[in-house]
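Take a look at the structure below.
So that the names make sense, note that chain A is the first sequence line, chain B the second, and so on, each numbered from 1.
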Amino acid sequence: DWAYKPESSPGSRQIQLWHFILELLQKEEYQGVIAWQGDYGEFVIKDPDEVARLWGIRKCKPHMNYDKLSRALRYYYNKRILHKTKGKRFTYKFNFSKVVLVNYPLGERDGCGGKWHPLPTPMQAGPRGSGPA
DNA sequence: TGCGGAACGG
DNA sequence: CCGTTCCGCA
């Protein structure tokens, strides 16, 4: 349920930061910059600057850096999307506690405009009208 | 290094 | 509403 906005405009959802992080994590080519490590949902940013740079590209924000990116991450704390794994550097944890699993659209994006190739995701069978418990 | 307030823009 | 930018603080 956390993976989207149920009451928001369907279709007009921009790339959210955690979407981006998840996508980096599910790609082995980014193991050098970000990877799962430790507990379930925990990931460590090996190259904060690189992650920030890639994120900046996706958002057309060339002046992006880990400082700002982490700021956005900190906002996620209150939203219960992310938590900080203290003690470890550049290590955060996804809050999968109430998540079934990703419904977010995977696909090939092309550069900075956010041009997605619509993949025929067969797992679009999730009940969306769930109230916030 | 990591946190959070404030202001601003889409 | 979400993220970006900027800054002081611990």
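Heavy atoms only, all atoms of each residue included: Ile15(A) and Arg58(A) are closest at CG1-NH2, 3.4 Å.
Residues from residues 86-93 of chain A placing a heavy atom under 4.0 Å of any atom in DNA chain B, listed by number, are Lys88(A), Arg89(A), Phe90(A).
A sub-4.0 Å separation between OP1 or OP2 of dC2(C) and a side-chain N or O of Tyr76(A) is absent. Distances shown here put a side-chain N or O of Lys59(A) below 4.0 Å from the OP1 or OP2 atom of dT4(C). Taking side-chain N and O atoms only, Trp55(A) has a distance below 4.0 Å to OP1 or OP2 of dT4(C).
Looking at residues two or more places apart in sequence or on another chain, you find a side-chain hydrogen bond (donor to acceptor under 3.5 Å, both in side chains) between Tyr66(A) and Tyr92(A). Residues passing the side-chain hydrogen bond (donor to acceptor under 3.5 Å, both in side chains) test with Arg74(A), sequence neighbours excluded: Ser70(A). For Tyr75(A), there are no ring-ring contact (aromatic ring centres under 6.0 Å, His included) partners at least two apart in sequence or on another chain.
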Give each protein N/O atom lying under 3.5 Å from an N/O atom of nucleotides 4-10 of chain B, with the pair distance.
unit_1: dG4(B); atom_1: N7; unit_2: Arg74(A); atom_2: NH1; d: 2.9
unit_1: dG4(B); atom_1: O6; unit_2: Arg71(A); atom_2: NE; d: 3.1
unit_1: dG4(B); atom_1: O6; unit_2: Arg71(A); atom_2: NH1; d: 2.9
unit_1: dG4(B); atom_1: O6; unit_2: Arg74(A); atom_2: NH1; d: 3.2

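How far CD1 of Ile34(A) is from CD of Glu23(A): 12.0 Å, rounded to the nearest 0.5 Å.
As a whole-Å value, the separation of Ile57(A) CD1 from dT4(C) P is 13 Å. Between Lys68(A) atom NZ and dT5(C) atom C1' the separation is 6 Å, expressed in whole Å. The separation between His19(A) atom NE2 and dG3(C) atom P is 9 Å, rounded to whole Å. To the nearest angstrom, P of dG2(B) lies 10 Å from CG of Leu73(A). As a whole-Å value, the separation of Ile45(A) CD1 from dG2(B) C1' is 12 Å. To the nearest angstrom, P of dG2(B) lies 16 Å from NE2 of His83(A).
Between the side chain of Asn95(A) and the main chain of Arg80(A), a donor-acceptor pair closer than 3.5 Å is present.
Picking from dC3(B), dC1(C), dT4(C) the nucleotide with the shortest atom distance to the side chain of Lys84(A) gives dC3(B).
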Does the side-chain contact (heavy atoms from CB on, under 4.5 Å) test come out yes or no for Trp36(A) and Gln31(A), once each step is laid out?
CA-CA 8 Å; Trp36(A) 298 111; Gln31(A) 268 217 359; over 6 Å; no

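Residues Asn65(A) and Lys79(A) both approach DNA chain C. Their nearest nucleotides, taken by heavy-atom distance, put Lys79(A) toward the 5′ side.
A salt bridge (Lys or Arg N to Asp or Glu O under 4.0 Å) check over residues 45-55 of chain A, counting only residues at least two apart or in different chains, returns the pairs Glu50(A)-Arg53(A). Pairs passing the salt bridge (Lys or Arg N to Asp or Glu O under 4.0 Å) check and including a residue from residues 29-45 of chain A, sequence neighbours excluded, read Glu42(A)-Lys88(A).
Using a 4.0 Å heavy-atom distance criterion, Leu69(A) is classed as making no nucleic acid contact.
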